[in-house]
Amino acid sequence: MKQITIGKMNLYYPDNVTEKEIDTWIAIIKKNRAFIDISIDSTVIIDHNSTDKIKVEDNNTFVVNQFDEFFDYQLRKTISNEKLQETMNLPELMPIVYIALLLKENDIDKENVIFSLLPEDLTEDDLYFFVAFKCFDRINQFNELANFLKTRKNQNQIFECFQKIERFNAYNYLLETFASILDKEEPGILSMMEDILYKMRIFTFTSVVLNSKEDIPIPSLSLEQVEILFLDFLRQINSPEEWFNLYYFLKAKNYITFEKINITSQQDSSECYLDTEDLNYKLRICNHDNLHTFISLVHEFIHYVTLQKGEKFYALREFPSIYYERKAKQYLIDKGYDPKMVENILFRVKYNHNNYSVSNELLSDIAHYSKGNPIRREEKILALEKEHQLMIQAQRLLNPELQSIDSSILENRDYGKEVDEACDYYIIKSTMKMDALMGIEYPVADYLVQKILEINDPMIEQKMIDVTTNLVDYNVSRLLEYFSLTEVFKQEVTDNELHNAINNYQKQLR
């Protein structure tokens with residue numbers, strides 16, 4: 001007999017066994033380490049003359065007539081293991097396996113994932129062991145199960161079967177996880193989330209679809225002129241002395257840097273960031289050589305102010321900065337700058353909508369789930385179909401030339417495929433460190449700022465200074481109460497605003 005060692009397993013086999021057969025056995029063993037343990041001392045003797053299919057001489061010594069008998073024995077032993085049965089019945093196991101496989105299928109680096117789903121040493125082969133257990137009847141389809149685990153043929157089809165069973169279970173598992181985080185970090189926000197997001201959609205519609213923007217040249221501005229404007233702006237809003245001192249401290253320490261922006265992209269990547277080397281917050285401002293630099297400085301400086309007492313969770317993090325952006329807008333208009341030009345600089349709404357639509361969809365589903373309503377594939381399909389029908393109707397209404405749109409555009413769409421692909425996309429995005437639970441802060445801030453600026457209250461400015469200085473003490477519910485805005489996210493109010501916006505738009509067309 002010949003012998004080969006695989007890990008700590010010694011495998012003995014007849015001389016007439018081909019090298020190809022040996023390679024096949026080795027591959028099978030390595031692919032199925034979930035139930036063939038090669039990390040412990042064991043002996044497997046393949047003896048074609050043995051009258052027994054398998055003889056277990058002790059726990060770790062096996063004499064078998066054929067290699068397949070050893071494989072089937074180990075698989076049956078695993079299937080009957082009570083501890084494994086308990087593990088396989090854990091409600092969160094298969095959703096986690098689905099998420100882990102989806103991340104592997106899309107080459108997502110585990111370093112970028114927000115939380116550890118499974119032990120790091122689990123391979124894709126190990127995960128497919130769980131998939132096979134889910135997709136095959138372990139009793140009535142034992143031969144099919146064993147054959148798949150040995151050959152891994154039709155793996156894509158098996159994964160598709162698994163997807164149909166577990167895709168939305170996995171998504172709902174994530175929604176439950178994030179709902180718990182939101183409820184802990186922003187008490188009360190889940191109860192108003194659906195109203196908030198509905199409001200954001202309407203606000204986007206009235207601000208983007210029903211309003212056009214003209215490209216107007218922005219006057220150039222030196223860094224010296226930016227600073228003059230900035231300090232004058234602080235005086236105009238009656239900033240506390242502490243804010244001036246913070247600015248002078250940043251300058252004295254060289255904690256503000258101005259970086260020339262690429263004129264072709266005009267993308268602003270200004271930020272208030274924590275320097276990991278000295279653990280100080282600093283400002284990096286994109287220098288556009290125009291008023292945009294001033295606006296960016298206002299926005300990031302207010303972030304610096306809010307961080308003096310600690311970092312704030314997502315929902316209100318952008319609120320003070322966007323508020324003072326709007327105040328800076330009015331300040332510039334009062335100084336004689338073209339209102340349309342200033343408006344263009346601050347036209348965040350379309351940017352927010354385009355960049356955070358995925359996050360808002362995720363947040364909407366979290367809110368829906370938190371009310372005891374798991375996300376179901378059939379409901380998503382119906383909602384998508386309705387949304388597309390309304391979109392076509394709206395296009396026909398606003399543009400008479402589109403009256404002849406062929407209804408087959410809707411009928412020929414594969415809504416089920418679109419919903420499935422979207423679900424997988426949301427799962428991947430929601431597990432990423434930079435994407436999970438991100439996105440609500442900009443649109444919520446945009447809308448809240450708009451409403452606060454409409455309030456006729458002489459104490460508003462003092463209240464905003466208080467909120468900005470003590471942002472860590474506020475959540476959305478407390479903020480709404482503080483400014484007497486508890487009704488702004490009610491759907492009835494939203495519907496009235498949409499109705500008025502459409503009426504105004506139609507008057508402009510006459």
Name all pairs fulfilling the salt bridge (charged side-chain N to carboxylate O under 4.0 Å, His left out) condition that reach into [range], sequence neighbours left out, sorted by first residue then second.
range            : result
residues 129-138 : Lys134-Glu166
residues 61-76   : Asp68-Lys150
residues 4-13    : none

Side chain to side chain donor-acceptor pair (under 3.5 Å) with [X]: which residues, sequence neighbours excluded?
X      : answer
Tyr73  : none
Ser42  : none
Asp107 : none
Gln3   : Thr5, Asn10

Could you tell me which residues satisfy side-chain contact (heavy atoms from CB on, under 4.5 Å) with [X], sequence neighbours excluded, listed by chain and number?
X      : value
Arg152 : Lys31, Asn32, Asp125, Tyr128, Phe148, Leu149, Gln155
Thr78  : Phe35, Leu84, Phe129
Glu160 : Gln163

Below 4.5 Å, heavy atoms only, C-beta onward: do [X] and [Y] meet side chain to side chain?
X      : Y      : result
Tyr273 : Leu283 : no
Phe136 : Ile158 : yes
Phe168 : Arg376 : no
Val97  : Val131 : yes
Cys272 : Glu300 : yes
Tyr281 : Asp275 : no

For the student: nearest non-hydrogen atoms of [X] and [Y], plus distance:
X      : Y      : value
Asn60  : Ile40  : OD1-CD1, 3.8 Å
Glu379 : Pro374 : OE1-O, 4.3 Å
Tyr173 : Pro95  : CB-CB, 3.9 Å
Ile46  : Met1   : O-CE, 2.9 Å
Leu102 : Asp424 : CD2-O, 3.6 Å
Cys135 : Phe162 : SG-N, 3.6 Å

Counting the benzene-type ring for Trp, do Phe70 and Phe62 have ring centres under 6.0 Å apart?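 Yes, they do, as the ring centres are separated by less than 6.0 Å.
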
Could you state the interatomic distance from [atom1] ([X]) to [atom2] ([Y]), rounded to the nearest 0.5 Å?
X      : Y      : atom1 : atom2 : result
Glu318 : His303 : CD    : NE2   : 3.5 Å
Asn65  : Lys55  : CG    : NZ    : 11.5 Å
Thr431 : Phe178 : OG1   : CZ    : 7.0 Å
Lys429 : Leu362 : NZ    : CG    : 10.5 Å
Ile381 : Tyr415 : CD1   : OH    : 11.0 Å
Leu479 : Thr486 : CG    : OG1   : 11.5 Å

Is the closest side-chain donor-acceptor distance between [X] and [Y] under 3.5 Å?
X      : Y      : result
Asp183 : Ser180 : no
Asn106 : Tyr425 : no
Tyr255 : Asn280 : yes
Tyr12  : Asp47  : no

When the ring planes of Phe71 and Phe67 are compared, do they come out parallel, tilted or perpendicular, using 30° and 60° as the limits?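 Judged by the thresholds at 30° and 60°, the geometry between Phe71 and Phe67 is tilted.
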
Is there a donor-acceptor pair under 3.5 Å between the side chain of Asn169 and the backbone N or O of Ile165?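 Flag set: sc Asn169 to bb Ile165 pair under 3.5 Å.
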
Which residue pairs satisfy the side-chain hydrogen bond (donor to acceptor under 3.5 Å, both in side chains) criterion with at least one member in residues 13-26, sequence neighbours excluded?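 Pairs touching residues 13-26 that pass the test: Thr18-Glu21.
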
Check whether more than 12 heavy atoms from other residues, nucleotides or ligands sit under 6.0 Å from atom CD1 of Ile139, and answer yes or no.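 No.
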
Which residues pass the salt bridge (charged side-chain N to carboxylate O under 4.0 Å, His left out) test with Glu418, sequence neighbours left out?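 Salt bridge (charged side-chain N to carboxylate O under 4.0 Å, His left out) list for Glu418, sorted by chain: Arg413.
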
